[in-house]
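In this chain, numbering begins with 1 at the start of the sequence shown.
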Amino acid sequence: MVTLNNLTSPFPTFYLIGIPGLEGSHVWISIPFCCLYAIGLSGNSMILFVIFTEQSLHEPMYYFLSMLSATDLGLIISTMSTTLTVLWFDLREISLDGCIVQMFFLHGFTVIETGVLVAMAFDRFVAICDPLRYNTILTNAKILQIGLVIFMRMIVLLVPTLLLLKRLSFCKMNVLSHSYCYHPDVLKLACSNTKPNSFWGLTGLVLTSGIDTPCIIISYILIIRSVLSIASPTEQYKAFSTCVSHIGAVAIFYIPLISLSLVHRFGQSAPKIVPTMMANIYLILPPVLNPVIYSLKTAQLRGALIKLLLAKRIPMLG
């Protein structure tokens, strides 16, 4: 019946899944999901609040960090609603238009995040390799321009990708592999010609990860070369320590993303639970861990967070 409905209807329905094989335990599984979502939402919200209220953090590095936190909030919110709806109420149906809206935000924030990570790598490169010109290169106007370029790139790449989905026909049992709409997952269910979609998707991949990843690598090659030319081991340690947080953010973003892409492309024989769990890790891990990494490894931010928490605690004690 589902197949006939999707074959004859111009408005196909897709079916999200929870955790394959553990459907009876979805309510219990939702508890750690809720905890992780709460940590991600509160951690990134607190970082945004501290950066915008603490005058000492009004520096380029922290402006880029605020962009990263805002992007992580967007990633959580764009998937949290459907994931929790599936786990709590087993409401799995979503329309093509609903899928397209969710994919716009999900993939949009992903593209923005990789752009922000490049901007943060450039920030570290300038701070270490050309510190005397740091404030003249990374002015507020320049940071705003970088943010606009990152946003416009997302719009230019993503809007055609999603509009191309509207022309496709879906005539199968449209069961997705995740609790949210993921573009490659939706695309493989189409019955019509998907070559234009695949071509534009590949173009988008080249213009994002294909450019951003080498830029980050090149930035760190230049940083390492500059730091190794510093005679004092103490100065070398100090310089490298300013990059630890960013390296951690890059690792927790790219490793799950690459792993998920490989599973979708080459892991057809893998158990269904594997891509499902990896997809959830890919979206939850960066928003949850980024605030922790930056709070632990950035002394100035850590001090501002402690100051905020103590300021709230003192009136409560009083």
Side-chain angles (χ1 to χ4, degrees), residues 38-77 109 112-152 154 216 219-220 223 226-227 234-235 237-250 252-253 286-318:
I39 293 170
L41 289 170
S42 58
N44 287 288
S45 298
M46 188 173 292
I47 284 182
L48 281 171
F49 179 79
V50 168
I51 289 174
F52 282 104
T53 56
E54 185 65 37
Q55 191 67 33
S56 63
L57 299 181
H58 290 181
E59 300 176 3
M61 173 183 173
Y62 298 105
Y63 288 142
F64 288 127
L65 177 56
S66 67
M67 292 183 192
L68 184 67
S69 293
T71 304
D72 283 339
L73 280 175
L75 274 176
I76 289 180
I77 294 170
F109 283 118
I112 290 173
E113 180 141 347
T114 182
V116 171
L117 290 173
V118 173
M120 296 175 85
F122 178 68
D123 169 79
R124 292 299 83 206
F125 165 74
V126 176
I128 293 173
C129 299
D130 199 359
L132 297 179
R133 297 178 57 209
Y134 180 74
N135 289 324
T136 57
I137 293 175
L138 289 172
T139 61
N140 290 343
K142 186 67 68 177
I143 293 169
L144 181 60
Q145 290 173 6
I146 291 172
L148 288 174
V149 168
I150 292 171
F151 180 78
M152 290 306 301
M154 181 272 288
I216 293 173
S219 294
Y220 274 100
I223 287 171
S226 176
V227 170
T234 304
E235 291 178 348
Y237 173 79
K238 185 178 179 181
F240 278 130
S241 65
T242 64
C243 301
V244 170
S245 299
H246 180 253
I247 292 172
V250 170
I252 63 175
F253 177 79
V288 169
L289 292 184
N290 279 337
V292 177
I293 291 172
Y294 274 93
S295 298
L296 292 176
K297 294 295 183 180
T298 309
Q300 197 172 353
L301 178 63
R302 184 171 64 250
L305 285 169
I306 293 172
K307 178 182 174 183
L308 173 67
L309 294 173
L310 290 176
K312 287 185 175 181
R313 187 179 177 184
I314 290 171
M316 291 176 63
L317 292 174

task = List for me each residue that meets side-chain hydrogen bond (donor to acceptor under 3.5 Å, both in side chains) alongside Asp130, sequence neighbours excluded, and say none if there are none.
result = Arg133

inquiry  = According to side-chain hydrogen bond (donor to acceptor under 3.5 Å, both in side chains), who are the partners of Gln300, at least two apart in sequence or on a separate chain?
reply    = Tyr62

query = Hey, is the main chain of Pro287 close enough, under 3.5 Å, to the side chain of Asn44 for a donor-acceptor pair?
reply = yes

inquiry  = In the structure I gave you, are the side-chain heavy atoms of Thr298 and Leu65 within less than 4.5 Å of one another anywhere?
reply    = no

inquiry  = Could you go through Met67 and Ile143, starting from their C-alpha distance and side-chain angles, then the distance that decides it, and tell me whether this counts as side-chain contact (heavy atoms from CB on, under 4.5 Å)?
reply    = CA-CA 10 Å; Met67 292 183 192; Ile143 293 169; 3.6 Å; yes

Gap separating the SG atom of Cys243 from the CZ atom of Phe240, nearest 0.5 angstrom = 7.5 Å

message = Please check: side-chain N/O of Ser226 versus main-chain N/O of Ile223, any donor-acceptor pairing under 3.5 Å?
response = no

Reported OG1-to-NE2 distance for the pair Thr53 and His58, which is rounded to 0.5 angstrom = 7.0 Å

key: Where at least one partner belongs to residues 137-150, residue pairs that pass salt bridge (charged side-chain N to carboxylate O under 4.0 Å, His left out), sequence neighbours excluded   = none

key: Min side-chain heavy-atom separation Tyr63-Asn140 under 4.5 Å   = yes

key: Phe151 atom CZ: more than 12 heavy-atom contacts under 6.0 Å   = no

request  = Determine whether Leu68 and Phe64 make a side-chain contact, defined as any pair of heavy atoms from C-beta on separated by less than 4.5 Å.
outcome  = no

query = So how far is it from Phe125 CZ to Ile216 CD1, rounded to the nearest 0.5 Å?
reply = 14.5 Å

query = Which heavy-atom pair separates Ile51 from Ser66 by the least distance, and what is that distance?
reply = CD1-N, 3.9 Å

Sequence neighbours left out, cut at 3.5 Å: what donor-acceptor pairs do the side chains of residues 288-297 make with other protein atoms?
{"residue": "Asn290", "atom": "ND2", "partner": "Asp72", "partner atom": "OD2", "Å": "2.9"}
{"residue": "Asn290", "atom": "ND2", "partner": "Pro286", "partner atom": "O", "Å": "3.2"}
{"residue": "Ser295", "atom": "OG", "partner": "Pro291", "partner atom": "O", "Å": "2.6"}

message = Working to the nearest 0.5 angstrom, can you tell me the gap between Ser219 OG and Ile128 CD1?
response = 10.5 Å

request  = Output all residues satisfying side-chain hydrogen bond (donor to acceptor under 3.5 Å, both in side chains) with Tyr220, sequence neighbours left out; order by chain, then residue number.
outcome  = His246

task = First locate atom CE of Met154, then atom CD1 of Ile112, and finally report the distance between them rounded to the nearest 0.5 Å.
result = 4.0 Å

task = Taking the side chain as every heavy atom from C-beta outward, state whether Tyr134 and Met61 have any pair of such atoms under 4.5 Å apart.
result = yes

query = Could you give the distance from OG (Ser69) to CD1 (Ile47), rounded to the nearest 0.5 Å?
reply = 4.0 Å

note = Closest heavy-atom pair, Val50 versus Ala304, reported as atoms and distance to 0.1 Å, is CG1-CB, 3.5 Å

ask   = What is the minimum heavy-atom distance between Ala239 and Val227, and which atoms define it?
value = CB-CG2, 3.7 Å

key: Partner set under salt bridge (Lys or Arg N to Asp or Glu O under 4.0 Å) for Glu59, not counting sequence neighbours   = none

